[in-house]
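These values consider heavy atoms only, across backbone and side chains, with no hydrogens, waters or symmetry-generated copies.
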Amino acid sequence: MDPADEINKVARIQQLIHAYRVRGHLMADTDPLEYVQRKHPDLNILTYGLTLWDLDREWPTGGFGGKPMLKFRHILGVLRDAYCRTTGIEYMHIQDPEQRKWFQDKLEHPYSKPSREEQLRIVSKLNSAEAFETFLQTKFVGQKRFSLEGGESLIPLLDAIISNAADDGLDEVAIGMAHRGRLNVLTNIAGKTYAQVFREFEGIQDPRSVQGSGDVKYHLGTEGTFTSDNGNETKVYLAANPSHLEAGDAVLEGVVRAKQDRLDQGESFPVLPIMVHGDAAFAGQGVVAETLNLSQLRGYRTGGTIHIVVNNQVGFTTAPSSSRSSVYSTDVAKMIQAPVFHVNGDDPEAVVRIAQLAYAFQQRFHKDVVIDMVCYRRRGHNEGDDPSMTQPLMYNLIEAKRSVRKLYTEALIGRGDITEDEADQLLRDYQERLERVFAETHAAQTSPIPIVTGDSQAVSDLERPYSQRTEDGDNSPAETAISTETLAKIGHAHMAIPDGFTVHPKLKALLEKRDVMSREGNIDWGFGELAAFGSLLMEGVPVRLAGQDSRRGTFVQRHAVFHDRANGDEWTPLSELSDDQAKFFIYDSLLSEYAAMGFEYGYSVEQPDALVLWEAQFGDFANGAQTVMDEFISSAEQKWGQRSSLVLLLPHGYEGQGPDHSSARIERYLQMCAEENMIVANPTTPASHFHLLRRQAYNRPRKPLIVFTPKQLLRLKAAASSVEDFTTGAFRKVIGDTSAKDAAAVERVILVSGRLYYDLAAAANRADDSKTAIIRLEQLYPLPLEEIHAELAKYPNATLVWAQDEPANQGPWPFIGLNLAPELDRKLTLVSRPASASTATGSAKRHAVELERLVKEAFTKN
């Protein structure tokens, strides 16, 4: 043989090895519904000029397979074992050579089956999973439960990951998942009893769940304990989630980050996040990409998430060919160089092996990893559905299939891994589990009282997570003022410039100004807000603020973090107020609203003692996170007993800058207000904002707070506050007319909320108007009726006007007209811009004309 050809063939074999590493997944047998002889030209030995005659010759391997020389037949065997059995692995897109080598070391060796103990545990878990679903199917025929049938391997998969986590001493595993399989996970992973889960199916109402409207069982969150085979325990947190696909992804990450910040163990990441997705949703929902993009950012890192895609190969009734353009539903994960495992759900041994590998990778590199478990749904989208109408061929195959449990048990017997006696024992074990479910459920059905749990306010017999149980009771601080010394200290901290730190020339004056204003007054919005944060930090309340450009502030107003002009070093004055202060976290977020707001909501849920804020760059940016607003912030307490004190800072103000970025859509938030579910405020002074934030930190029970923050007022001299405004009093929901007027002579009262107040006050001042009083509503919801009545009672002879910048169909008026007007003893007349489809005009000149007309009309007697 020509020596040159020999060398050439060695190179070609290396090419083939590389091809298997990159494309081997395309030949893997990952579909449990039908076996297809898959092939790809890149994996054909003929493509590389290799032949059958080369199979039994030894070739240099370059270290492949752990040996310097191997027969080509053996090389092919190892490659097919590693990359083409029932598992396909994508990792060669990862740029880090250490991570690629880690995979090669783990994968490239001949197949070895698991130990008998592992096999028996897998069967045991499949028994539990199937017994649960079989019981539900026979007992509660036709009731929606989103069964796991067809994807039962999810239970041994989760069991393997969480067992490793428990044995490694992780503090907790937090799971976020959609409905499918959730009830099964509650009993077989989170340690809930069958009775707790099934009681609701009988229609027995928990008499304790009177605080809200409740939700279906497969949306509820809870906490439990998981015990590994070795007797090690770890906590299991199952996040509450709504039906909105993937909406809970970022929320779970926020919960986990809050848990880790509280444990404060640095890079050890003692809480493991696991997310269970559907295939169609993983490919189709943009929030998946947003959440993946959080994974390595310093304000959002959680040490790597294990993503499990329960790949039913259909989304509701839509086939993959209509639901994605990518080859795999998981391709979006490649953007963060996450490895992806595609595994056949009918091979539970492979599923468990991949689970262990994914966990090992996550622990080693603290990066996200994706498991694509290819399976099917036996009963369609839900138990009342007939999937054969839209997927006739698929469901012909499914109806003929035996369950994963049966197939695996038969395979173990057929391979001689277990004896007939052991198989009989496994069958008896399965039947005993079924009987135990029957017995426990019967006991629950015949009991008129709720299942006993450790939570006195359990929702539908499921304990709330611990963070939700620590804050029962009411508290609303009567005073939120701080001492003059504290205020001065916060101001002076801005003069404690670190040695060698070069302040940007444009900011030197600001630092000096903050020191002066903290003692002499004329406090602007930026410093008023920092005074709220700083005083809370000194009182031991952690503060976390994240948003687009929040460290500096969109309007160059906050400057919470300073950057060295020479070397880029950072200095945060509020982090150096006292030795025993709480932590101040402030981050510039990614340019996302949906995932970013969801993350902060989750953080707030889990950190009841912290003030957590999310800031929109402009108020209308929050439109992109409307799902988080609808599904979590406005209704989670009523649905799941889940409280949050998240603050949304939404810049709002009509200044002639066009329709985008004028309106934060006040009307939308007020429309969602009911049952005192949240607080909506529109403060007009730095001191009002200061007291509002401090009240929010201490208010119990916790409620979300929506703050419409200003733009123009950030630097308006008329809006500045005195030192005394911070060192006395509390948040005033209503601010009466501050000018000295003869109340009996007042003929007109203008009610207003927000920026427009200053235009009205200036006009009244110019006209020396003593017949008009202007009252500000600083809080819009809960509507402060008592305070409004008290102010209006001072002016018994006056007519009433509601004035607003926003068009008549927007802003506070739709809410005020419906809720305040009927409560008044006089007619309330609206003065506003005409109803409009757009939020504001794009012409600065037209804006000025509209404003002049609006202000004039507000003072004009009818």
Review point. Taking the six-membered ring for Trp, are F618 and F621 parallel (under 30°), tilted (30 to 60°) or perpendicular (over 60°)?
Key: tilted
**Study point:** Donor-acceptor pair between T839 and S663 side chains, under 3.5 angstrom
**Key:** no
Check your understanding: Checking side-chain contact (heavy atoms from CB on, under 4.5 Å) for the pair R776/V734: CA distance, chi angles, key distance, verdict?
Key -> CA-CA 6 Å; R776 280 174 273 176; V734 176; over 6 Å; no
Check your understanding: Taking the side chain from N677 and the backbone from A674, do they hold a donor-acceptor pair closer than 3.5 Å?
Key -> yes
Review point. For E791 and E787, what are the C-alpha separation, side-chain angles and deciding distance, and is it a side-chain contact (heavy atoms from CB on, under 4.5 Å)?
Key: CA-CA 6 Å; E791 285 297 327; E787 291 88 343; 5.9 Å; no
Review point. Taking it one step at a time, do S535 and R694 satisfy side chain to side chain donor-acceptor pair (under 3.5 Å)?
Key: CA-CA 9 Å; S535 58; R694 284 184 51 79; 2.9 Å; yes
Exercise for review: Over all heavy atoms of both residues, which pair between S721 and A687 is shortest? Give the atoms and the distance, please.
Suggested key: OG-N, 3.1 Å
Review point. How long is the gap from OG1 on T738 to CD1 on I774, to the nearest 0.5 Å?
Key: 8.5 Å
Point to revise | Beyond-backbone contact of L783 with L820, side-chain heavy atoms, under 4.5 angstrom | key: yes
**Study point:** E676 vs Y781 side-chain heavy atoms within contact, under 4.5 Å
**Key:** yes
Check your understanding: Is any NZ, NE, NH1 or NH2 atom of the basic residue among E806 and R833 found under 4.0 Å from an Asp or Glu carboxylate oxygen of the other?
Key -> no
Review point. Distance-only, no hydrogens or angles: does the Q810 side chain make a donor-acceptor pair with backbone N or O of S836 under 3.5 Å?
Key: yes
Check your understanding: Do E631 and Y601 meet the criterion of a side-chain donor-acceptor pair at a distance under 3.5 Å?
Key -> no
Exercise for review: Taking the side chain as every heavy atom from C-beta outward, state whether E615 and R558 have any atom pair closer than 4.5 Å.
Suggested key: yes
Point to revise | Min side-chain heavy-atom separation L649-F708 under 4.5 Å | key: no
Practice item. May I ask you to say whether R715 pairs ionically with D524, meaning some side-chain N is under 4.0 Å from a carboxylate O? Key: no
Practice item. Measure from the side-chain N and O atoms of S645 to the backbone N and O of P704, and report whether any donor-acceptor pair falls under 3.5 Å. Key: no
Practice item. Can you see which heavy atom on A622 is nearest to which on L650, and at what distance? Key: CB-CD2, 3.9 Å
Check your understanding: So is R514 actually on top of F527's ring, under 6.0 Å and inside 45° of the axis?
Key -> no
Practice item. Salt-bridge test for R257 and E253: reply yes if a basic N is under 4.0 Å from a carboxylate O, no otherwise. Key: no
Check your understanding: Is a side-chain N or O of S634 found less than 3.5 angstrom from the main chain of M629, in a donor-acceptor match?
Key -> yes
Review point. Taking all non-hydrogen atoms of both residues, which atom of S644 and which atom of S604 are closest, and how far apart?
Key: OG-OG, 3.1 Å
Exercise for review: Nearest 0.5 Å please: distance from the OG1 atom of T772 over to the CG atom of D737.
Suggested key: 9.0 Å
**Study point:** Test of ring centre spacing under 6.0 Å for W614 and Y603
**Key:** no
**Study point:** Under 3.5 Å: donor-acceptor pair, side chain of N475, backbone of Y698
**Key:** yes
Point to revise | Any side-chain heavy-atom pair of M672 and D630 under 4.5 Å | key: yes
Point to revise | Side chain to side chain, Y594 and Q626, heavy atoms closer than 4.5 Å | key: no
Exercise for review: Could you tell me which non-hydrogen atom of F632 sits nearest to which non-hydrogen atom of A240, and how far apart they are?
Suggested key: CE2-O, 4.1 Å
Revision key, fill the gap. d(F726 CZ, H691 NE2) to nearest 0.5 Å is 7.0 Å
Check your understanding: Does the pair T554 and D549 meet the rule for a side chain to side chain donor-acceptor pair (under 3.5 Å), with working shown?
Key -> CA-CA 6 Å; T554 298; D549 312 292; 4.8 Å; no
Review point. Quick one: are the ring centres of W640 and H219 less than 6.0 Å apart?
Key: no
**Study point:** Chi angles and distances behind the side-chain contact (heavy atoms from CB on, under 4.5 Å) call for T486, M538
**Key:** CA-CA 9 Å; T486 298; M538 291 167 73; 4.1 Å; yes
Review point. Backbone N or O of S722 within a donor-acceptor pair of the D725 side chain at under 3.5 Å?
Key: yes
Practice item. Identify the two heavy atoms, one from V746 and one from S770, that lie closest to each other, and give their separation to 0.1 Å. Key: CG2-O, 4.1 Å
Review point. Between E637 and K703, does at least one N-O distance fall below 4.0 Å, as a salt bridge requires?
Key: yes
**Study point:** Candidate pair R755 and N682, rule side chain to side chain donor-acceptor pair (under 3.5 Å), full reasoning
**Key:** CA-CA 9 Å; R755 189 211 64 83; N682 196 9; over 6 Å; no
Check your understanding: Name the one of L800, V749, T799, N797 that satisfies side-chain contact (heavy atoms from CB on, under 4.5 Å) with R826?
Key -> L800
Practice item. Quick one: pull up CD in Q804 and CD1 in I816 and give me the separation to the nearest 0.5 Å. Key: 9.0 Å
Review point. How far does CZ of F690 sit from CG of L530, to the nearest 0.5 angstrom?
Key: 11.5 Å
Check your understanding: Between V543 and F585, is a side-chain contact (heavy atoms from CB on, under 4.5 Å) present by the stated rule, with each step listed?
Key -> CA-CA 6 Å; V543 176; F585 304 103; over 6 Å; no
Exercise for review: Look at atom CD of E852 and say whether more than 12 heavy atoms of other residues, nucleotides or ligands are closer to it than 6.0 Å.
Suggested key: no
Exercise for review: Please report the shortest heavy-atom distance between S753 and W802, naming the atom on each side.
Suggested key: CB-CH2, 4.0 Å
Point to revise | Donor-acceptor pair, side chain of Y587 and main chain of S550, under 3.5 angstrom | key: no
Review point. Is the shortest heavy-atom distance from the side chain of L545 to the side chain of F533 under 4.5 Å?
Key: yes
Check your understanding: Side chains of T480 and R695: donor-acceptor distance under 3.5 Å anywhere?
Key -> no
**Study point:** K741 atom NZ, neighbour heavy-atom count above 12 within 6.0 Å
**Key:** yes
Practice item. May I ask you to decide whether K733 forms a salt bridge with E778, counting only side-chain N to carboxylate O separations under 4.0 Å? Key: no
Practice item. Check for a donor-acceptor pair, side chain of K794 on one end and backbone N or O of A744 on the other, with a separation under 3.5 Å. Key: no
Exercise for review: Please check if any side-chain donor atom of Q548 sits under 3.5 Å from a side-chain acceptor atom of S589, or the reverse.
Suggested key: no
Check your understanding: Is R702 reaching over with its side chain to a backbone N or O of V605, donor-acceptor style, under 3.5 angstrom?
Key -> yes
Review point. Has the side chain of S635 got a donor or acceptor atom that lies under 3.5 Å from a matching backbone atom of Q638?
Key: no
**Study point:** Residue pair I679 / N699, side-chain heavy-atom distance below 4.5 Å
**Key:** yes
Point to revise | Exceeds 12 heavy-atom contacts within 6.0 angstrom, atom CG of N522 | key: no
Review point. Which value, rounded to the nearest 0.5 Å, describes the distance between L670 atom CG and N819 atom CG?
Key: 8.5 Å
Point to revise | Over 12 foreign heavy atoms within 6.0 Å of CD, Q671 | key: no
